[in-house]
J.: 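Sharing a structure, written as structure tokens. Questions coming.
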Amino acid sequence: VSGTNAVGTGKGVLGDTKSLNTTLSNGMYYLQDNTRGSGIFTYDMSSYWLLPDLFLPGTLWKDSDNVYNASADAAAVDAHYYAGVTYDYYKKKFGRNSYDNHGAAIKSSVHYGNNYNNAFWNGSQMVYGDGDGTNFTFFSGGIDVVGHELTHAVTESSSGLVYQNESGALNEALSDVFGTLIEFYNGKNPDFEIGEDIYTPGVPNDALRSMSDPAKYGYPDNYSKRYTGTDDNGGVHTNSSIINKAAYLLSEGGSQYGVTVPGIGRDKLGAIYYRMNTVYLTSNATFSQARAAAVQAATDLYGAGSAEVNAVNKSFDAVGIQ
Ligand SMILES: CCCCC[C@H](S)C(=O)N[C@@H](Cc1ccccc1)C(=O)N[C@@H](C)C(=O)O
Ligand SMILES: [Ca+2]
Ligand SMILES: [Ca+2]
Ligand SMILES: [Zn+2]
């Protein structure tokens with residue numbers, strides 16, 4: 001909508017209060033943030049429970065008093081706010097102006113479907129389900145989820161990793177890695193767990209995946225343990241954990257399978273994986289090609305024979321990728 005910039009306040013999924021950039025137009029407030037790129041827009045899909053995909057993005061979220069404390073508001077509050085944090089991360093860390101590096105408008109829809117247990121990037125926008133209340137709560141309530149989904153847009157605009165088999169697992173891992181780096185950038189209860197804020201709301205201290213110990217949730221932490229079937233587009237949410245573990249070890253350091261990795265920290269992990277995704281990876285890249293791409297990216301950034309290049313090599317050795 002065309003109007004004037006405003007600042008609202010709202011409560012997120014976890015009950016936390018936050019300020020929101022909104023737009024005042026004809027006496028109504030909208031979840032439209034005009035301060036970032038071409039804008040961040042948050043939509044409501046709650047009226048479109050039948051064949052929802054036909055109605056995306058839904059209705060631009062409107063409110064009468066610019067206060068978003070109702071229970072139905074929480075998912076929109078977090079989708080809107082965390083999209084802004086994600087925009088800021090890519091801009092501040094890499095000078096990237098939105099997911100396409102051309103200031104594309106960022107659109108999110110919440111309350112998609114009926115108790116929908118997922119969130120996704122549909123090629124044009126982010127879409128968040130409410131969860132069934134037992135396995136998941138509102139998906140936008142996790143900043144690592146929002147960062148995960150928007151990173152799919154970054155990947156689509158750069159490497160274009162095909163969403164199946166090893167390239168698909170790389171695609172998923174990049175989304176988990178940057179979802180986590182964005183969670184640390186935000187600074188509230190950051191961790192190397194994935195989805196902890198929205199997974200099983202009735203069960204504390206668990207997550208959908210773990211980067212530090214994938215095996216905790218039955219996922220592989222070595223190439224020798226990869227899934228080779230056809231489920232889930234060839235196990236994209238399973239084999240991503242092999243790359244997630246390599247990324248965790250590269251950042252934090254550690255040992256497994258007799259290989260010790262010297263940690264180089266989150267910022268260098270991000271710089272190397274960002275350059276890998278935006279400069280070197282091709283759409284059908286394998287895990288082995290990803291190793292070569294990461295080594296080249298680290299070489300560009302820190303020099304051949306640098307401690308960083310050594311750490312990259314060790315991190316892939318530790319997960320059995322040559
Ligand atoms: C609709 C088709 C499937 C799209 C899968 C999306 S990109 C996805 O990977 N969603 C994440 C959501 C997420 C992200 C971070 C933390 C928790 C949950 C995902 O991992 N979905 C799981 C449930 C899956 O699809 O198996
Ligand atoms: Ca997390
Ligand atoms: Ca839980
Ligand atoms: Zn994904």
Side-chain angles (χ1 to χ4, degrees), residues 13-14 45 52-53 56 75 78-79 82-83 85-86 89 99 108-110 112-156 161-164 167-214 216-219 227 229-241 243-244 247-248 251-252 266:
V13 174
L14 302 184
M45 279 291 289
D53 289 329
L56 282 171
D78 282 342
Y82 291 145
V85 176
T86 302
Y89 171 83
Y99 57 84
S108 308
S109 297
V110 297
Y112 170 89
N114 180 34
N115 295 338
Y116 186 68
N117 276 329
N118 222 334
F120 58 95
W121 171 263
N122 77 347
S124 308
Q125 63 161 104
M126 290 178 282
V127 184
Y128 300 99
D130 291 343
D132 59 22
T134 299
N135 293 294
F136 294 98
T137 188
F138 305 99
F139 276 73
S140 57
I143 188 166
D144 54 9
V145 180
V146 175
H148 175 112
E149 301 313 341
L150 201 52
T151 296
H152 278 306
V154 172
T155 296
E156 195 177 79
L161 285 163
V162 174
Y163 202 68
Q164 67 175 4
S167 56
L170 287 166
N171 190 322
E172 273 296 306
L174 284 163
S175 280
D176 282 349
V177 167
F178 284 99
T180 294
L181 292 177
I182 289 156
E183 184 173 300
F184 273 96
Y185 174 74
N186 190 52
K188 290 193 181 52
N189 304 317
D191 54 44
F192 281 93
E193 301 293 282
I194 304 290
E196 69 284 346
D197 289 335
I198 52 104
Y199 186 65
T200 61
V203 178
N205 308 315
D206 63 346
L208 185 61
R209 296 183 287 274
S210 171
M211 296 182 69
S212 58
D213 182 16
K216 193 195 304 183
Y217 300 113
Y219 293 111
Y227 171 75
T230 58
D231 291 352
D232 187 32
N233 301 109
V236 300
H237 292 94
T238 298
N239 295 331
S240 53
S241 281
I243 302 297
N244 284 352
Y248 168 78
S251 175
E252 304 303 297
R266 293 185 301 274

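This structure is a prediction, so every number in the text was calculated from the model and none was measured. Heavy atoms only: backbone and side chains are in, while hydrogens, waters and symmetry mates are out. Note that ligands are numbered from 1 as they come in the structure, with each ligand's atoms numbered from 1 the same way.
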J.: Among all the protein's non-hydrogen atoms, which is closest to atom 5 (C) of ligand 1, and how far away is it?
T.: Y163 OH, 3.5 Å
J.: Considering the heavy atoms of E149, write down every atom of ligand 1 situated less than 4.0 Å from one of them.
T.: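 Those atoms are 7 (S), 8 (C), 10 (N), 11 (C), 12 (C).
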J.: Give the atom numbers and elements of ligand 1 that come within less than 4.0 Å of a heavy atom of Y116.
T.: 1 (C)
J.: Counting only heavy atoms closer than 4.0 Å, does ligand 1 sit against the backbone of D232, its side chain, both, or neither?
T.: neither
J.: With heavy atoms of H152 as the reference, note each atom of ligand 1 found under 4.0 Å away.
T.: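 Reading through ligand 1 atom by atom, the close ones are 7 (S).
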J.: Could you find the nearest protein heavy atom to atom 22 (C) of ligand 1 and give me its residue, atom name and distance?
T.: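 Protein heavy atom at minimum distance: N118 OD1, 3.8 Å.
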J.: Quick check: H148 and ligand 1, any N/O pair under 3.5 Å apart?
T.: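 N/O-N/O distance under 3.5 Å: yes.
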J.: Is N117 close to ligand 1, meaning an N/O of one under 3.5 Å from an N/O of the other?
T.: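 Between N117 and ligand 1 (N or O atoms, distance only) the closest approach is not under 3.5 Å.
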J.: Between F184 and F192, is the gap from one ring center to the other below 6.0 Å?
T.: yes
J.: Around the Ca ion (ligand 3), how many protein N, O or S atoms are found at less than 3.0 Å?
T.: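 Near the Ca ion (ligand 3), the number of protein N, O or S atoms below 3.0 Å is 5.
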J.: Any nitrogen or oxygen of E172, main chain or side chain, under 3.5 Å from a nitrogen or oxygen of ligand 1?
T.: yes
J.: Before signing off on this row, confirm whether R209 and ligand 1 have an N or O atom pair separated by under 3.5 Å.
T.: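 Yes; the residue has a nitrogen or oxygen that sits under 3.5 Å from a nitrogen or oxygen of the ligand.
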J.: I'd like to check which ligand 1 atoms, numbered from 1 as shown, lie under 4.0 Å from a non-hydrogen atom of I194.
T.: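 Checking each atom against I194, I get 15 (C), 16 (C).
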J.: For ligand 1 and H237, I'd like to know whether there is a polar contact (N/O to N/O, distance under 3.5 Å).
T.: yes
J.: The Ca ion (ligand 2) to D144: any N/O/S contact under 3.0 Å?
T.: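 Looking at D144, which is the residue asked about, there is an N, O or S atom under 3.0 Å from the Ca ion (ligand 2).
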J.: Which part of Y128 is near ligand 1, with near meaning a heavy atom under 4.0 Å away: side chain, backbone, both or neither?
T.: neither
J.: Which atoms of ligand 1 are found less than 4.0 Å from any heavy atom of A119?
T.: 6 (C), 8 (C), 10 (N)
J.: May I ask you to identify the nearest protein heavy atom to atom 18 (C) of ligand 1, giving residue, atom name and distance to one decimal place in Å?
T.: L208 CD2, 3.6 Å
J.: Does the N or O separation between F136 and ligand 1 drop below 3.5 Å for any pair?
T.: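 By distance alone, the answer is no.
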